Amino acid sequence: MNDIEARDFIRKIIYDDLESGKHDEIVTRFPPEPNGYLHIGHVMAICLDFGVAAETGGRTFLRLDDTNPGKESPEFVQAIKDDVHWLGFDWGDRLTHASDYFDRLHESAITLIEKGVAYVDSLTAEEIREYRGTLTEPGKNSPYRDRSVEENLDLFRRMYEGEFGDGKHVLRAKIDMASPNMNMRDPAIYRIRHIPHQNAGDNWCIYPMYDYAHGLSDAYEGITHSLCTLEFEDHRPLYDWFLDQLEPEHRPRQIEFSRLNLAYTITSKRKLKGLVDEGIVSGWDDPRMPTISGMRRRGYPPAALREFVKRAGVTKKDKLIEMGALETCVRDVLGDTAARRMAVLRPLKVVLTNYPEDQVESMEAMNHPGNPDFGTRELPFSRELWIEQDDFMEEAPRKFFRLKPGGEVRLRFGYIIRCDEVIKDDGGNVVELRCSYDPETRSGTGTSDRKVKGTIHWVSCQHAVDAEVRLYDRLFNEANPNTADDAHSVLNPASLEIVNAKLEPSLADLAEAVQFERLGYFCPDSQDDAAGARVINRIVTLRDSWAKLEKQALQGQAR
RNA sequence: UGGGGCGUAGCCAAGUGGUAAGGCAACGGGUUUUGAUCCCGUGAUUCGCAGGUUCGAAUCCUGCCGCCCCAGCCA
């Protein structure tokens with residue numbers, strides 16, 4: 001245990017509890033409400049809850065916190081399970097629901113009534129709000145607050161039996177209507193809802209509130225450390241109050257940490273749902289979404305997400321982390337694991353005028369420059385090739401070491417070519433380049449001592465595989481769209497661009513994430529890709545220091 | 001102008017009385033048949049601000065300022 005590094009304040013508390021003997025085993029829980037899809041913010045909680053237990057040889061429950069039927073559904077339950085598994089965590093046989101405890105919770109509510117610390121209130125929701133007071137003024141007691149235990153028991157039984165309509169009564173904890181902590185002003189424990197439950201069916205018409213159900217569920221499961229986000233900090237006195245009143249066998253401790261916010265994206269389930277419902281994205285798993293399913297479809301490796309939250313850290317300070325930090329993690333993982341391939345996103349034809357008409361050569365290409373274990377592959381080379389439009393400039397700035405009229409460039413794993421002639425259409429657009437190749441410069445022959453500044457990628461026209469490639473950018477133009485009044489006003493209209501690309505032949509049956517050299521990391525789209533009709537997602541671009549240089553170069557030229 | 005939290009570099013983050021770790025970003029330089037990767041180097045006289053205690057303060061005390069959360073029969 002001592003060899004584990006306590007990287008954050010929560011781990012320090014937990015390791016201390018182990019060392020002091022307060023606990024022999026750490027038990028945590030990840031308790032999402034199945035009312036939406038999990039997102040990048042949840043990744044933090046998942047990694048913490050499962051991670052800290054795994055590190056200490058403890059256990060973690062995946063608990064669906066389903067106390068509010070109507071918002072929850074089995075679809076979301078399934079998505080949550082898939083996402084947690086995909087992230088690399090396993091709950092074993094510890095999949096539970098708050099609804100699994102409805103019977104015990106109901107019994108304990110009766111105990112609270114018998115103890116005289118809970119009562120049935122018959123005020124309307126609006127009246128209760130008025131009686132609650134404000135942030136600066138105390139509330140006042142409900143006229144029903146002093147009902148007898150017998151009357152409360154009778155009323156609660158009849159609530160349970162379905163005698164009353166929604167909202168007619170509510171069971172409340174009798175605490176302190178003048179508490180400076182709003183959560184302690186006689187919070188609701190049970191409300192009436194005549195609707196079926198996603199797990200419990202229609203066995204119930206009264207449902208427990210989060211504050212009541214959560215701490216007790218933790219206690220029932222023997223949770224030692226109940227980790228949650230900062231907004232629950234002032235719910236803790238209430239969490240503890242229920243435990244004090246009911247004295248369950250196990251006594252969990254709630255500890256709060258700050259949420260993780262990602263710049264240029266939103267992590268509010270409500271707003272995320274809005275994007276889906278309004279068709280701004282194709283679904284919860286749209287590759288631009290910050291949902292786990294979206295990031296999975298985009299091609300982000302789970303290891304990158306785990307590394308990202310590890311680098312972010314666990315603290316109580318509000319975080320708004322730059323997108324670049326996440327992208328770096330994605331590149332770090334993919335850089336080691338993805339094979340290299342060649343593809344042209346925006347094709348421009350090159351004809352090698354001095355290359356034999358029907359000749360096809362096979363070029364050997366490394367699958368990974370830093371790792372020979374990836375082996376090599378053969379690339380067909382012929383007279384007509386596709387190159388990237390960006391790799392040619394008719395009037396190039398200084399330091400542009402790609403192709404320009406009269407200039408030379410190396411074709412990756414191929415020959416050095418020179419641009420002899422630029423062919424344009426009637427509109428003056430460059431449509432083809434006539435080039436000549438230097439037969440002495442074939443890659444890997446040892447005779448290619450000649451150096452040129454630039455190396456560009458290419459695909460043989462007659463061997464190319466066509467593909468739809470989807471290029472993604474951030475969904476919002478505002479660093480913190482969470483705080484924007486209207487999310488629509490800060491949407492990035494260019495968050496998706498689709499191009500018709502040309503791929504090297506080996507990509508005809510691409511299945512995993514690969515690097516398209518000089519472009520970025522790409523993977524087939526899990527929904528739309530099909531044999532013979534490739535649909536590929538760009539996961540992330542490569543770091544592009546030329547983009548910055550180009551800007552400077554063009555500005556310099558303009559002056 | 002109630003209560004609860006939080007303020008260390010552009011973004012994260014260590015540090016808890018002994019003289020400011022690390023990562024990301026940025027900026028230089030080197031290697032490179034990916035302008036990628038990799039490697040090397042550059043940042044805080046200062047820790048929200050102002051006082052105070054101390055030989056010594058990011059760490060302790062006082063006051064102030066700023067930001068976040070709470071008035072669901074949501075979680």
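In the text below, chain A, chain B and the rest are named by the order of the sequence lines, each starting its count at 1. Here the structure is a predicted model, which means the values were calculated and not measured.
- Applying the 3.5 Å distance criterion, the base of rU1(B) shares no donor-acceptor pair with the side chain of Thr136(A).
- Neither OP1 nor OP2 of rG3(B) sits under 4.0 Å from any side-chain N or O of Arg185(A).
- Using a 4.5 Å cut-off on side-chain heavy atoms (C-beta onward), Gln515(A) and Leu542(A) make contact.
- Evaluation of the salt bridge (charged side-chain N to carboxylate O under 4.0 Å, His left out) rule for Lys316(A) yields Glu233(A) as partners, not counting sequence neighbours.
- Closest to the side chain of Arg518(A), from the set rA71(B), rG35(B), rG2(B), is rG35(B).
- The side chain of Arg132(A) approaches rC73(B) more closely than any other nucleotide in the set rC27(B), rC24(B), rC73(B).
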- Message: Using a 4.0 Å heavy-atom cut-off to protein, can you give one letter per nucleotide of nucleotides 6-11 of chain B, 5' to 3': B if the base is in contact, S if only the sugar-phosphate is, - if neither?
- Response: S-S-BS
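- Every residue meeting the salt bridge (charged side-chain N to carboxylate O under 4.0 Å, His left out) condition with Asp277(A), not counting sequence neighbours, appears here in chain and number order: Lys273(A).
- With rC73(B), rC70(B), rG35(B) as the choices, the nucleotide that has an atom nearest any side-chain atom of Met182(A) turns out to be rC70(B).
- Counting only residues at least two apart or on different chains, no salt bridge (charged side-chain N to carboxylate O under 4.0 Å, His left out) pair has a member in residues 34-48 of chain A.
- Toward the 5′ end of RNA chain B lies the nearest nucleotide of Gly414(A), the other residue of the pair Gly414(A) and His235(A) mapping further downstream.
- Nucleotide rG41(B) is matched to rC27(B) when pairs are restricted to Watson-Crick or G-U wobble geometry with both distances under 3.5 angstrom.
- Searching all strands for a Watson-Crick or G-U wobble partner of rG51(B) with both distances below 3.5 Å returns rC61(B).
- Within the model, atoms NZ of Lys71(A) and CD1 of Ile195(A) stand 10.5 Å from one another, a figure rounded to the nearest 0.5 Å.
- Qualifying salt bridge (charged side-chain N to carboxylate O under 4.0 Å, His left out) partners for Arg474(A), counting only residues two or more places apart in sequence or in other chains: none.
- Counting only residues at least two apart or on different chains, the salt bridge (charged side-chain N to carboxylate O under 4.0 Å, His left out) pairs with a member in residues 211-221 of chain A are Arg63(A)-Asp218(A), Arg63(A)-Glu221(A).
- Every residue two or more places apart in sequence or in another chain that forms a ring pair (Phe, Tyr, Trp, His ring centres under 6.0 Å) with Phe374(A) is listed here: His368(A).
- When each of rC27(B), rC24(B), rG2(B) is scored by its nearest atom to the side-chain atoms of Arg311(A), the top-ranked nucleotide is rC24(B).
- Shown for residues 253-274 of chain A: no residue has heavy atoms falling under 4.0 angstrom of RNA chain B.
- Not one side-chain nitrogen or oxygen of Lys399(A) sits closer than 4.0 Å to the OP1 or OP2 atom of rG35(B).
- Position along RNA chain B of the nearest nucleotide to Thr328(A) versus Thr315(A) favours Thr315(A) as the more 5'-ward residue.
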List every contact pair, protein side and nucleotides 36-39 of chain B side both N or O, where the distance is under 3.5 Å.
{"from": "rA36(B)", "atom 1": "OP1", "to": "Ser545(A)", "atom 2": "OG", "distance (Å)": "2.8"}
{"from": "rU37(B)", "atom 1": "OP1", "to": "Arg543(A)", "atom 2": "NH1", "distance (Å)": "2.2"}

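- Phosphate proximity of rC74(B) to Arg193(A): present, with a side-chain N or O under 4.0 Å from OP1 or OP2.
- Of the candidates rA71(B), rU33(B), rG15(B), the closest approach to any side-chain atom of Lys12(A) belongs to rG15(B).
- Side-chain N/O atoms of Asp234(A) and base N/O atoms of rG3(B) include a donor-acceptor pair closer than 3.5 Å.
- Taking 4.0 Å as the cut-off between side-chain N and carboxylate O, Arg518(A) and Asp390(A) do not count as a salt-bridged pair.
- The partner of rU33(B) cannot be assigned: no Watson-Crick or G-U wobble pair with both contacts below 3.5 Å exists in any strand.
- Qualifying ring pair (Phe, Tyr, Trp, His ring centres under 6.0 Å) partners for Trp386(A), counting only residues two or more places apart in sequence or in other chains: none.
- With a 3.5 Å ceiling on both atom-pair distances, the Watson-Crick or G-U wobble partner of rG66(B) is rC6(B).
- Legend: residues meeting salt bridge (charged side-chain N to carboxylate O under 4.0 Å, His left out) with Asp318(A), ordered by chain and number and at least two apart, are absent.
- For Glu231(A), taking side-chain heavy atoms from C-beta onward, the closest of the listed nucleotides rC70(B), rC69(B), rC74(B) is rC69(B).
- In terms of the ring pair (Phe, Tyr, Trp, His ring centres under 6.0 Å) criterion, Tyr131(A) has no residue partners (sequence neighbours excluded).
- Checked against rA71(B), rG3(B), rU34(B), the side chain of Glu517(A) finds its nearest nucleotide in rU34(B).
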